[in-house]
A.B. asks: 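Here you go, one structure.
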Amino acid sequence: MGTASLGSLWAVFLLPLVFGVPTEEPTFGESVASHLPKGCQRCCDPEDLMSSDDAVHAPVSPYVLPEVRPYINITILKGDKGDRGPSGTPGKPGKNGTRGDRGSQGIKGDKGQAGSPGSSCQTHYSAFSVGRKTGLHSSENFLSLLFDRVFVNTDGHFDMATGRFVAPLRGLYFFSLNVHSWNYKETYVHIVHNEQAVVILYAQPSERSIMQSQSVMLSLLPGDHVWVRLFKRERENGVYSDDVDTYITFSGHLIKAEDD
């Protein structure tokens, strides 16, 4: 085993003698330059090694070095979150959108509380409506038209004995009169306020009798009278009625008391 080790050492010393000792190992650049054609230059060689004539006619080197770009991880340089900036100015309002579908009916709410009592209402009433079943002819003087049938007479404000309505309150009243004319005679009747005729109901003589009507609104004071009179005999006139039907009616009622 000792003889084998000595043989290996001798082989190491004898190899340079047999194959020769290299004087100097060429570098990588020199090795590449020795294989390049005349006139070629590497991109890493100094610029002054190539003459101007050689630079013009020098071929392009087929060796292109890759471009090195540095990469920086931005996440490493990210700082802390800044404070919230101030709110900007409000923008212009947008256009109205289309109307949406109607929603489902909600749940019925609880019953509300009772309201406070209202003010007391005025209860001033006055109304009448009377009729006559007997015809009437004119005479030498004015005739007050009396009535023999009562339809309505609240609180007795219409006096059946005199044929006059007596106003119980200051206020606005409405009155209407309906009569039936007589054949071949005039119909000439007034609605009178106290002793002043205010409106007339008139029909010319005709072979046919017809129904006529008149109405008026009056402002009355307490105690004022409203009644109907037939014109005197300067003109032959009359109103018609019979025992079967009621052709003549006189009605009135309070519209608004001025004390309300």
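Computed from a predicted structure; not experimentally measured.
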A.B. asks: With sequence neighbours left out, what residues match R164 under salt bridge (charged side-chain N to carboxylate O under 4.0 Å, His left out)?
C.D. replies: E195
A.B. asks: Verify, without hydrogens or angle tests, whether N183 (side chain) and E207 (backbone) share a donor-acceptor contact under 3.5 angstrom.
C.D. replies: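 Yes: the side chain of N183 pairs with the backbone of E207.
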A.B. asks: Checking F142 now: which residues fulfil ring-ring contact (aromatic ring centres under 6.0 Å, His included) with it, not counting sequence neighbours?
C.D. replies: F231
A.B. asks: side-chain contact (heavy atoms from CB on, under 4.5 Å) between T187 and N237: does it pass, once the steps are laid out?
C.D. replies: CA-CA 5 Å; T187 301; N237 69 92; 5.9 Å; no
A.B. asks: If the plane angle is over 60° it's perpendicular, under 30° parallel, otherwise tilted; pick one for F128 and F158.
C.D. replies: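 If you compare the ring of F128 with that of F158, the planes turn out parallel.
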A.B. asks: Between S241 and R132 (side chain of the first, backbone of the second, donor and acceptor by atom type, cut-off under 3.5 Å), is there such a pair?
C.D. replies: yes
A.B. asks: Just jot down the ring-ring contact (aromatic ring centres under 6.0 Å, His included) partners of H137, sequence neighbours excluded, or say none.
C.D. replies: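 Scan of H137 (ring-ring contact (aromatic ring centres under 6.0 Å, His included), adjacent residues dropped) gives W182.
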A.B. asks: Sequence neighbours excluded, which residues qualify as side chain to side chain donor-acceptor pair (under 3.5 Å) partners of H253?
C.D. replies: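 Testing H253 for side chain to side chain donor-acceptor pair (under 3.5 Å), a comparison that skips the adjacent residues, returns none.
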A.B. asks: Are L146 and M160 connected in a single hydrophobic cluster, I mean Ile/Leu/Val/Met/Phe/Trp/Tyr linked by side-chain heavy atoms less than 4.5 Å apart?
C.D. replies: no
A.B. asks: Does a side chain donor of either R149 or T246 reach within less than 3.5 Å of an acceptor in the other side chain?
C.D. replies: yes
A.B. asks: List for me each residue that meets side chain to side chain donor-acceptor pair (under 3.5 Å) alongside T162, sequence neighbours excluded, and say none if there are none.
C.D. replies: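 T162: side chain to side chain donor-acceptor pair (under 3.5 Å) contacts with D159.
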A.B. asks: Between L143 and L136, is any pair of side-chain heavy atoms under 4.5 Å apart?
C.D. replies: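 A side-chain contact under 4.5 Å exists here.
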A.B. asks: T249 and L177: which non-hydrogen atoms are nearest, and at how many Å?
C.D. replies: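 Scanning both residues completely, I find the closest heavy atoms to be O-CD1, 3.4 Å.
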A.B. asks: Shared ILVMFWY cluster between F147 and V152, side chains joined below 4.5 angstrom?
C.D. replies: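 The answer is no; the residues belong to distinct hydrophobic clusters.
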A.B. asks: Is there a chain of hydrophobic side chains (I, L, V, M, F, W, Y, each step under 4.5 Å between heavy atoms) that links L230 to F165?
C.D. replies: yes
A.B. asks: Could you check, using the six-membered ring where one of them is a Trp, whether Y202 and Y188 have ring centers closer than 6.0 angstrom?
C.D. replies: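 Yes, they do, as the ring centres are separated by less than 6.0 Å.
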A.B. asks: Please work out which of the three classes, parallel, tilted or perpendicular, describes the rings of F175 and Y173, given edges at 30° and 60°.
C.D. replies: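 Parallel: the ring planes of Y173 and F175 meet at under 30°.
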A.B. asks: Side chains of H124 and L254, heavy atoms from C-beta outward: is any pair under 4.5 Å?
C.D. replies: yes
A.B. asks: If we count only N and O atoms by modelled type, under 3.5 Å, do the side chains of S176 and S215 hold a donor and an acceptor together?
C.D. replies: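 The criterion, which ignores hydrogens and geometry beyond distance, is not satisfied for S215 and S176.
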A.B. asks: Calculate, to the nearest 0.5 Å, the distance between atoms CD and CG belonging to Q212 and L201 respectively.
C.D. replies: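 If we round to the nearest 0.5 Å, Q212:CD and L201:CG are 5.5 Å apart.
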A.B. asks: Report the distance from atom CG of L220 to atom CD of E258, rounding to the nearest 0.5 Å.
C.D. replies: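 These two atoms lie 9.5 Å from each other.
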A.B. asks: Do V166 and D224 come within less than 4.5 Å of each other through their side chains, counting heavy atoms only?
C.D. replies: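 Sidechains of D224 and V166: no contact.
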A.B. asks: Given L172 and M217, is the side-chain contact (heavy atoms from CB on, under 4.5 Å) satisfied, shown in steps?
C.D. replies: CA-CA 7 Å; L172 187 63; M217 210 177 282; 3.9 Å; yes
A.B. asks: Taking I248 as the fixed residue, which of T134, D148, N178, L145 is the one that meets the side-chain contact (heavy atoms from CB on, under 4.5 Å) rule?
C.D. replies: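 Running side-chain contact (heavy atoms from CB on, under 4.5 Å) over T134, D148, N178, L145 with I248 returns exactly one hit, L145.
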A.B. asks: For the pair T154 (side chain) and A127 (backbone), establish whether a donor and an acceptor sit closer than 3.5 Å, ignoring hydrogens and angles.
C.D. replies: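 Judged by distance alone, yes, a pair lies under 3.5 Å.
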A.B. asks: Sub-3.5 Å donor-acceptor pair from the side chain of W227 to the main-chain atoms of N194, do we have one?
C.D. replies: yes
A.B. asks: To the closest 0.5 Å, what do you measure between CZ (R170) and OG (S219)?
C.D. replies: 6.5 Å
A.B. asks: Please check if the number of heavy atoms outside D245 that lie under 6.0 Å from its CG is greater than 12.
C.D. replies: yes
A.B. asks: V189 vs I200, test: side-chain contact (heavy atoms from CB on, under 4.5 Å). Steps then yes/no.
C.D. replies: CA-CA 6 Å; V189 183; I200 184 173; over 6 Å; no
A.B. asks: Any side-chain heavy-atom pair from S181 and Q204 closer than 4.5 angstrom?
C.D. replies: no
A.B. asks: Atom CG in N153, atom CZ in F151: separation rounded to 0.5 Å?
C.D. replies: 12.5 Å
A.B. asks: Would L218 and V192 show up in the same hydrophobic cluster when neighbours are defined by side-chain heavy atoms closer than 4.5 Å?
C.D. replies: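 The answer is no; the residues belong to distinct hydrophobic clusters.
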A.B. asks: May I have all residue pairs that pass side chain to side chain donor-acceptor pair (under 3.5 Å) and include part of residues 88-109, sequence neighbours excluded?
C.D. replies: none
A.B. asks: When hydrophobic residues are tied together by side-chain contacts of less than 4.5 Å, even through go-betweens, does I255 share a cluster with Y125?
C.D. replies: no
A.B. asks: Side-chain contact, heavy-atom cut-off 4.5 Å: H157 with S126?
C.D. replies: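 Yes - at least one pair of side-chain heavy atoms lies under 4.5 Å apart.
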